[in-house]
Amino acid sequence: MNKNFYVTTPIFYPTGVPHIGTAYNVFIADTLARYYRQKLGKENTFFLTGTDEHGANIAKAAEAQGKTPQEYVDEYAAKYQEVWQGVNLSHDYFIRTTDPRHEKFAQELIQKSFDNGDIYEGSYEGLYCESCEAYYTEADLVDGKCPNHPTKTPVFTKEKNYYFKLSKYQDFLLNLYAERPDFVQPAKWAAYVRGLVEAGLQDIPVTRANVKWGVPVPFDPEQTIYVWYDALPNYLSTLTFPEFQGYEEKFWPVANHVVGKDIIKFHAILWPAMLKSAGYEVPQHVLVHGFFTINGQKIGKSNNNAIDPRDLAAKYGNDVVRYALLSEFQVGNDGDFNIDRLKVKYEELANSWGNLLARVVHLANNKEVEISNTANVEPEFLTKLEDLAAKYTQHIEVKELFEALQTVGQITEWANKYIDEQKPWEKDKSPEDVALALNNLSVLLAKVNELYAPFLPESAAKATEALQKREKIILFPKIEDEAK
Ligand SMILES: [Zn+2]
């Protein structure tokens, strides 16, 4: 087992503020970071997020607002940080690719591949979508429009570029996937990536002649480094910053990249090849998540459903918003979400965990019995609890967050059933039986609090304190609907 854990989100392109869909990605990473901080210690866990600040789209957006690109990205990077702070994100650092230290690292990385003969001069022509900053072939287009931008018509463009010999790394990648079948998680995405590489790889342009807002190519300063060759190295550049002395040795290559399915190719194919070319180890895992719709509609401005996660958190609490998403569908799958489901999830927590806590504390105080004595738990009860907790651990360590949450749900369901069967409130129960049942339950509850902590950190802290102090609290108070 690794002693250290490093988790990253993609660095986001700051042309707006993050919405609930973006937040889903960071919630996954945050949950994993919190789990490993609990397990390995704070000093052995590192969680990185940030913003990807170069490129033609940024320059264009800045110009439209009468700002310099730097002013523009400063403003939006601050907005991102505000939102993440507002939803209690526990990242250890926020990387910005306009940080000169990152820029220098990206230059050094591409220089290493150039020196190895993996970067060569060529020209590129194709159908270029300005919004994607990407070229397409005729076959990629949908009714003549960009596959990602249904209103944009990609334009035929030709320019001088430098190419990265991605094709050279086909065997390396296939060996990597064969040796480490869980390099890409979950398995269905590993199979998808392997299929893409087996089908053959083409060299890709990694510099741009006509984008000024970018990092200059060290061996040809007329060109700038193309988006991915600038963005992806953030995962490594940060670890080399002076304030993170020793982090490169500690956190590379134990990196876990949490990415949406739209950028899987860049993380699971290009990035390991870039690293190999420049003489670095490849990361531990690439975790791929799906997307969700809201009431069946894609999230976006046009559907007016790009909800600010802070608005939901203000009403339901940070914890419940992330719980609702993570408990609704499996990480690698797509799903659907809406406010009614969020309310159902809130009730679910109130009725299971919240109710259990209230009952155990109330009865323990009422019956004046000792609780939270781990030495006095019934052996059979303890074995069952430990088995379920082990199942949770197995799930969360392969990043099956949905399944891990289901397991905690099973524990609380069992506990509420157990309390109904034991009926510790009945007058004719022997004091020994009552004491035993309530002690069993209190130890179970402490475990539930611990297992929920990575997902619902604020609630878990409250529940832990209430149990220790034997204070009766309402963990999930009733929420009044504003409009009737
Ligand atoms: Zn496009």
Side-chain angles (χ1 to χ4, degrees), residues 9-19 21-22 24-25 51-65 69 72-73 76 80 97 122-164 166 192-193 196 199 201-215 223-232 259-271 288-294 297-306 334:
T9 75
I11 46 172
F12 299 103
Y13 209 56
T15 49
V17 288
H19 55 63
T22 326
Y24 175 60
N25 172 283
T51 37
D52 177 10
E53 303 188 345
H54 292 119
N57 279 335
I58 297 280
K60 233 189 298 172
E63 202 187 334
Q65 293 187 13
Y72 178 89
V73 292
Y76 278 94
Y80 261 81
T97 54
S123 73
Y124 195 83
E125 55 182 57
L127 297 162
Y128 184 71
C129 172
E130 283 201 334
S131 293
C132 295
E133 298 193 34
Y135 284 94
Y136 292 100
T137 64
E138 206 72 62
D140 294 327
L141 304 188
V142 179
D143 299 329
K145 306 287 183 187
C146 168
N148 293 324
H149 297 95
T151 61
K152 304 267 160 93
T153 308
V155 182
F156 181 81
T157 310
K158 184 172 180 177
E159 63 172 47
K160 172 186 162 186
N161 278 141
Y162 288 90
Y163 279 70
F164 172 61
L166 183 59
Y192 169 79
V193 168
L196 290 179
L201 294 172
Q202 287 186 338
D203 296 346
I204 58 157
V206 293
T207 71
R208 296 287 306 280
N210 49 23
V211 176
K212 294 299 160 221
W213 180 242
V215 181
Q223 301 249 331
T224 54
I225 301 177
Y226 180 64
V227 179
W228 288 104
Y229 236 86
D230 170 14
L232 291 165
V259 304
K261 63 179 183 178
D262 58 333
I263 51 174
I264 180 173
K265 279 198 258 180
F266 303 106
H267 284 82
I269 299 173
L270 175 59
W271 178 226
V288 182
H289 66 78
F291 294 133
F292 63 92
T293 47
I294 295 181
Q297 288 190 304
K298 207 176 157 190
I299 303 175
K301 280 193 190 120
S302 51
N303 287 327
N304 199 25
N305 60 4
D334 289 341

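Indexing begins at 1, ligand by ligand and atom by atom, following the structure's order. Worth knowing before you read on, the calculation uses all heavy atoms, side chains too, and leaves out hydrogens, waters and symmetry mates.
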| the Zn ion (ligand 1): which protein N, O or S atoms are under 2.8 Å away? | Cys129 SG, Cys132 SG, Cys146 SG, His149 ND1
| task | Would you confirm whether Thr97, through its side chain, and Glu53, through its main-chain N or O, come within 3.5 Å as a donor-acceptor pair? | result | yes
| task | Any salt bridge (Lys or Arg N to Asp or Glu O under 4.0 Å) involving residues 144-158? Give me the pairs, sequence neighbours left out, ordered by first then second residue. | result | Glu125-Lys158
| From Ile299 atom CD1 to His19 atom NE2, the distance as rounded to the nearest 0.5 Å | 5.5 Å
| What do you reckon, are the aromatic ring centroids of Tyr80 and Tyr76 less than 6.0 Å apart? | no
| field | Exam field: side chain Asp52 to backbone Tyr13, donor-acceptor pair closer than 3.5 Å | value | no
| query | Any side-chain heavy atom of Tyr229 sitting closer than 4.5 Å to one from Val227? | reply | no
